[in-house]
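Accompanying notes for the structure given below.
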Amino acid sequence: NAGVMQNPRHLVRRRGQEARLRCSPMKGHSHVYWYRQLPEEGLKFMVYLQKENIIDESGMPKERFSAEFPKEGPSILRIQQVVRGDSAAYFCASSRRQGGDEQFFGPGTRLTVL
Amino acid sequence: DQQVKQNSPSLSVQEGRISILNCDYTNSMFDYFLWYKKYPAEGPTFLISISSIKDKNEDGRFTVFLNKSAKHLSLHIVPSQPGDSAVYFCAASDRKKTSYDKVIFGPGTSLSVIP
């Protein structure tokens with residue numbers, strides 16, 4: 001009964017490169033949330049997706065960031081042309097239902113931009 | 001604009017004593033509150049929650065108290081154990097606004113339980 005999987009666990013990129021973060025939700029979960037944690041801060045909501053649909057991306061920066069959750073395969077958070085300020089821990093969570101259901105978190109991907 | 005505040009970045013408690021972690025919020029529309037626990041290099045794990053229609057919820061050693069008029073909640077851990085040492089996040093959502101849980105997290109309090 002695997003939990004939420006995220007990979008890679010650690011990702012190092014140089015400024016201007018692209019970062020792709022993957023999240024496989026728990027079995028039976030079709031709702032995915034992405035959060036970002038900057039140093040010394042709490043987790044900040046970025047985006048909520050259901051299969052093939054972005055429901056709420058109000059927490060995503062307007063440029064360079066995108067997310068998808070295809071019919072098959074993991075959810076992807078993509079950051080283009082990374083900058084040093086993108087360095088953070090990115091957590092994915094999944095839930096079985098849309099609301100009123102516990103969110104289960106993955107171990108996170110720590111992105112470092114050199 | 002931080003809607004969920006945890007003003008104590010850290011807390012140290014002796015094993016066996018009570019740990020009290022505090023949280024304040026500014027958005028009066030929040031109607032659901034959660035506490036998450038996080039160990040280093042792991043994701044947060046859900047601990048306990050409380051709806052705004054209640055003022056107390058208890059689960060084993062963990063009790064959450066909600067004071068809506070003061071916009072304040074607290075997590076009590078009794079008795080505290082060394083394995084409780086972790087970062088605790090207070091979180092809230094407005095379930096009336098969205099049909100899904102758009103959870104707002106506080107900055108966390110690092111609890112150290114000293115043997």
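A quick note: this is a predicted structure, and the numbers were derived from the prediction, not measured. Order of the sequence lines sets the chain letters (A, B, ...), proteins ahead of strands, with each chain counted from 1.
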Checklist entry - What class does the angle between the rings of Tyr35(A) and Phe45(A) fall in, given that below 30° is parallel, 30 to 60° is tilted and above 60° is perpendicular? => result perpendicular

Checklist entry - Which atoms of Gln6(A) come close to chain B, meaning under 4.5 Å heavy atom to heavy atom: side chain ones, backbone ones, both, or neither? => result neither

Next on the checklist: What residues of residues 67-76 of chain B make heavy-atom contacts with chain A at a cutoff under 4.5 angstrom?
Outcome noted: none

Checklist entry - In terms of heavy-atom pairs under 4.5 Å with chain A, which of Gly108(B), Pro107(B), Pro44(B), Ser93(B) leads? => result Pro44(B)

Item to check | Heavy-atom donor-acceptor pair, Ser110(B) side chain to Val87(B) backbone, under 3.5 Å | outcome: no

Item to check | Test of ring centre spacing under 6.0 Å for Phe46(B) and Phe104(A) | outcome: no

Next on the checklist: Any side-chain to backbone donor/acceptor pair from Lys96(B) onto Met29(B)? Under 3.5 Å, distance only.
Outcome noted: yes

Next on the checklist: Donor-acceptor pair, distance only, cut-off 3.5 Å: does the side chain of Gln6(B) make one with the backbone of Tyr88(B)?
Outcome noted: yes

Checklist entry - Is there side-chain contact between Cys23(A) and Phe69(A), with heavy atoms separated by less than 4.5 Å? => result no

Checklist entry - Looking only at atom types and distance, does a side-chain atom of Glu42(B) sit under 3.5 Å from a main-chain N or O of Tyr39(B), one as donor and one as acceptor? => result no

Checklist outcome for this item: Under 4.5 Å to a heavy atom of chain B? For Arg110(A) that would be neither

Checklist outcome for this item: Hits for side-chain hydrogen bond (donor to acceptor under 3.5 Å, both in side chains) against Ser49(B), two or more places apart or cross-chain, chain-then-number order -> Tyr32(B)

Checklist entry - Given the options Glu41(A), Gln103(A), Gln37(A), Arg9(A), which has more heavy-atom pairs under 4.5 Å with chain B than any of the others? => result Gln103(A)

